[in-house]
Amino acid sequence: MNMEDYTPFVLRAELRGHTEDIRVICVCDLGILTGSRDKTIKLWVEGDDGEYTEASMFVGHTDFVSALAFAPASSIHPDGLLVSGARDATVRLWNPVRFTELQILEGHKYQVGGGKMGVCQQVLTGHTGPVLCTLRVPRGDVWSGSGDDSIRVWREGTCVDVIPAHADTVRHLALVPGSGQAVSASHDTTLKVWDVEARACTSQLWGHSSLVYAAAATPRGLLASGSEDNTSRLWHLGGGPSLQALPHPGCVWTVEFLPDGDLVTGCADGVARLFTQDSSRAAGAEAVQVFEATLAAAAEAAAAKEGAGEGGAAAGLKLEDPSVLREPGTHPGQTRVVREGGTGMAYSWNAASQSWDVVGEVVGGPGGGEDTLAPAGSRVVGGRTWDYVFDVDVEDGSPPRRLPVDAGENPYVAADRFLAAEDLPTSYREQIVSFILQNTPSGQPLPGASSGHAGDPFTGANAYVPGAPSAAPPMRPSPGLTSVVGGGPDPFTGSAATPGLIPAARYLVFDALPDPAAVARKLDQLAPGVPAPVDAARVEALAAALCAPTAAAPSAAQAETLAQLLAYPAAALFPALDLARVAVARKAGGPTAALDLGPTMAGAGDAAPGTICAALARALQRDAPAPTRLTAARLVANLYAEPGTREWARAGGAALTAALATALPPETKAARHALVTALHNAVLALVAADVAGGAEILSAASDVLLSTPGEESETRVRGLVALGTLLHTVRPLRAGARGLGLEEVAAQLGGEGGDVGRAARELRAMLAR
């Protein structure tokens, strides 16, 4: 096959629903199965119109799903059998028609990786590195690929050959149907084609610029691969350069071919994408525009990170393969730095739980000097390095909390950030500030510690100091909805608790006012990464108009300034999103007139620069900076809450929810808080007939609830109330909620005190009906 004979693949469809990386795909009689880092498995079924839709979700694994296999119907399993393996070291058997878990097989010490799975009959030992893939080849031999760079051939439990296959880890093995050939994919960035009988390499394929994670082949000799270089490539098995590179917005973890010859890929952005050579199945212009906009936003965010010296591994740092985390540590606190999505991520060995705990991303040291590793107890908190990190004992019987502070940082800003991250009452603020002042060099106040305007942790504003003029509280119930249905007050306002938390009827609004001067300073700091930055004086005038004690409508020139700020790259976008958040929250006086919403999120590919739609499309990407994604979620919450923008948000609800859940996985307290608030408001804006949108919210809100630890009681209550309100309104979703295990979760939380227990008991009673 040469380029003249080759028909390029084009986008057919995007399967959106997972909230994190899709790590494995299985094509079977039922449709397409996808396993994700979000710990779930989804089944996608093709309809009569050729469109794929989510048919079911399998929930049970406690860590990311890394292997899938399907057995057709048999006398023992008349519905067929789905088998899954995960990093939780279990294999689970499922009824794929009834969506029920049949059995959990335990015995592995570490992650269960790729391969065809069944009852353990024998343990094969011999590799000197982790075994990452297995493949049964014609005549019954088993090939295994390992981190020791070799392929071993096993026959009846005995190793009969060791093939020095690659210069780095053998990550994946795939059979070429009907050809007597196999393909190996390696971390050395190459693929090799093997004659199975001769155990000899017949061709080697170069073209990827980073680790190759997956391969799949068709009977007609076409090969697909997936790589950390954010592409899937097509090849001819006989060798030669790649026939085509299909760009993706993130790492391509897995690839498979469908029976009709179409290709499906699993990406780090949580989306499975179908590509076809058949023009009759190609996606429409709007879907292609959305995909191209996603690619452009990802490229823009990557370029901005590179320009700002962010992202990627620390210079000169030796990164290990993630497979090393399958081996136990040698001592408590041992640190290993592995490659994840192009960056170095540090893990620390927890001897008590016998597991590797995420510490954070490895970044350059202060002042651009020596790279800073991220061991337990280090200066890495929340994925970045701080100048100081203190262990603070907040209450008896609880472990110390980690308080990060930068040199020169306003202690009130640091204290407010710490209180929000740890879900602590604001009454601790002065104690925390005093602690910072006493434990920083010379015991002197840090620069900028004078009292001032109300603070915002993203703009760098001076924090509110008791005695200074007070700003609005950070969150309020939206006016016009004065009570919870059932006669009880809103459980989030601090009012006395009464029965009837579900269903809720109050929107929650983020309406803290940033310091206009601080917004201008922050944008001035970000200006080097912006092609045509807006003058700081214009920014401050706009911020002053939006944040004045009595809100007034911005002038036409100020509205144009906001539009220009909303067109900034994702890395410099969060101050503009914060001003938009304020504009929506303070609709009195007309500030929302300054906003051009643009098309709904379903049509983001057609959105003009400077619109809310275009800004959110760039902000709600997994590789956008965390402040940008968090501020975007808070803006979305306000867009749902305020009547003037609610219909716009509701019209694009399914796409907006999917973007939120993908961009903001519930891995931190701040993310969980922002995401659950946006979902809470989305539920209230949902029309009862919009079952599709409701299903997106059900999946995302369930993920937040299941990820929220007990100490975050407010976030738990919001999640329970949001789910309860959704299921009260959209009754057909209750069966899906039971399938997600929410009935069991509600039963468990129902034994707790306060609003968590009350909301859980109400949710459980609803699901029992």
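Just so it is clear, the structure is predicted and the values come from calculations on it, not from any experiment.
Within the 3.5 Å criterion, the main-chain N or O of His208 finds no donor-acceptor partner in the side chain of Asp229. Checked by atom type and distance alone, the side chain of Ser232 pairs as donor or acceptor with a backbone atom of Ser225 at under 3.5 Å. Thr190 places no side-chain N or O within donor-acceptor distance of the main-chain N or O of Leu205, the cut-off being under 3.5 Å. Using a distance-only test at 3.5 Å, with no hydrogens or angles considered, no donor-acceptor pair links the side chain of Thr169 to the main chain of Arg171. Of the possible polar contacts, none joining the Asp88 side chain to the His61 backbone as a donor-acceptor pair under 3.5 Å is found. Checked by atom type and distance alone, the side chain of Arg199 never pairs as donor or acceptor with a backbone atom of Ile163 at under 3.5 Å. In this structure, Lys192 contributes its side chain and His166 its backbone to no donor-acceptor pair below 3.5 Å. Judged by distance alone, the side chain of Thr231 and the main-chain N or O of Leu246 form no donor-acceptor pair under 3.5 Å.
In terms of heavy-atom proximity, Leu274 sits nearest to Val264 at CD1-CG2, 4.0 Å. Between Ser210 and Thr189, the shortest heavy-atom contact is O-CG2, 3.3 Å. Scanning all heavy atoms of the two residues, the minimum distance from Ala570 to Ala624 falls at CB-CB, 4.3 Å. Nearest approach of Pro259 to Val27, heavy atoms of both residues: CD-CG1, 3.9 Å. Shortest non-hydrogen contact noted between Gly261 and Phe9 is O-CE2, 3.7 Å. Taking every heavy atom of both residues into account, Pro96 and Leu43 meet most closely at O-CD2, 4.5 Å.
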Distance-only donor-acceptor hits, side chain of residues 281-290, under 3.5 Å, sequence neighbours excluded:
unit_1	atom_1	unit_2	atom_2	d
Arg281	NE	Asp262	OD2	3.0
Arg281	NH1	Asp278	OD2	3.2
Arg281	NH2	Asp262	OD1	2.9

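Using a 4.0 Å cut-off between a side-chain N of Lys or Arg and a carboxylate O of Asp or Glu, Asp38 and Lys42 do not qualify as a salt bridge. Look at Asp21 and Arg622 and you find a salt bridge, because one of the NZ, NE, NH1 or NH2 atoms lies within 4.0 Å of a carboxylate O, short of that distance.
When side chains are defined from C-beta on, Leu102 counts as touching Leu81, because their heavy atoms get closer than 4.5 Å. Using a 4.5 Å heavy-atom cutoff, the side chains of Cys613 and Asp606 are not in contact. Under the 4.5 Å side-chain criterion, counting only non-hydrogen atoms from C-beta, Val65 is not in contact with Arg23. Side-chain contact between Trp94 and Glu101 is present, with heavy atoms from C-beta onward closer than 4.5 Å. Contact annotation: the side chain of Arg273 approaches that of Cys267 to within less than 4.5 Å [non-hydrogen atoms, C-beta and beyond]. Counting only heavy atoms from C-beta outward, the side chains of Pro609 and Arg618 never approach each other to under 4.5 Å. Side-chain atoms of Glu228 and Tyr213, non-hydrogen and from C-beta on, do get closer than 4.5 Å to each other. Proximity of Ser144 to Leu124: side-chain heavy atoms (C-beta onward) are nowhere separated by under 4.5 Å.
Expressed to the nearest 0.5 Å, how far CG of Leu656 lies from CG of Leu620 amounts to 7.0 Å. Note that CH2 of Trp154 and SG of Cys159 are 5.0 Å apart. Values are rounded to the nearest 0.5 Å. Interatomic distance, CG of Leu243 versus CG of Leu234, reported as 6.5 Å (0.5 Å rounding). Here His172 contributes atom NE2 and Thr254 contributes atom OG1; the two are 6.5 Å apart, rounded to the nearest 0.5 Å. Here OG of Ser203 is found 9.5 Å from CG of Leu191. Values are rounded to the nearest 0.5 Å. Of the inter-residue distances, the one linking Glu14 atom CD with Thr265 atom OG1 reads 9.0 Å to the nearest 0.5 angstrom.
Counting non-hydrogen atoms of other residues, nucleotides and ligands closer than 6.0 Å to CG of Asp48 gives a total of 12 or fewer.
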Output, in order, the C-alpha distance, side-chain angles, deciding distance and verdict of side-chain contact (heavy atoms from CB on, under 4.5 Å) for Ile32 and Leu258. CA-CA 9 Å; Ile32 300 172; Leu258 301 182; 3.9 Å; yes
Given side-chain contact (heavy atoms from CB on, under 4.5 Å), test Tyr6 with Gln244 step by step and report yes or no. CA-CA 9 Å; Tyr6 176 74; Gln244 184 181 4; 2.6 Å; yes
Given the rule in the side-chain contact (heavy atoms from CB on, under 4.5 Å) test, do Val271 and Thr294 qualify, once you have shown the distances and angles that lead to the verdict? CA-CA 11 Å; Val271 180; Thr294 303; over 6 Å; no
side-chain contact (heavy atoms from CB on, under 4.5 Å), that's the test. Do Asp269 and His248 meet it? Break it down for me. CA-CA 9 Å; Asp269 67 350; His248 285 66; over 6 Å; no
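No hydrogens or angles considered: a donor-acceptor pair under 3.5 Å links the side chains of Thr90 and Arg92.
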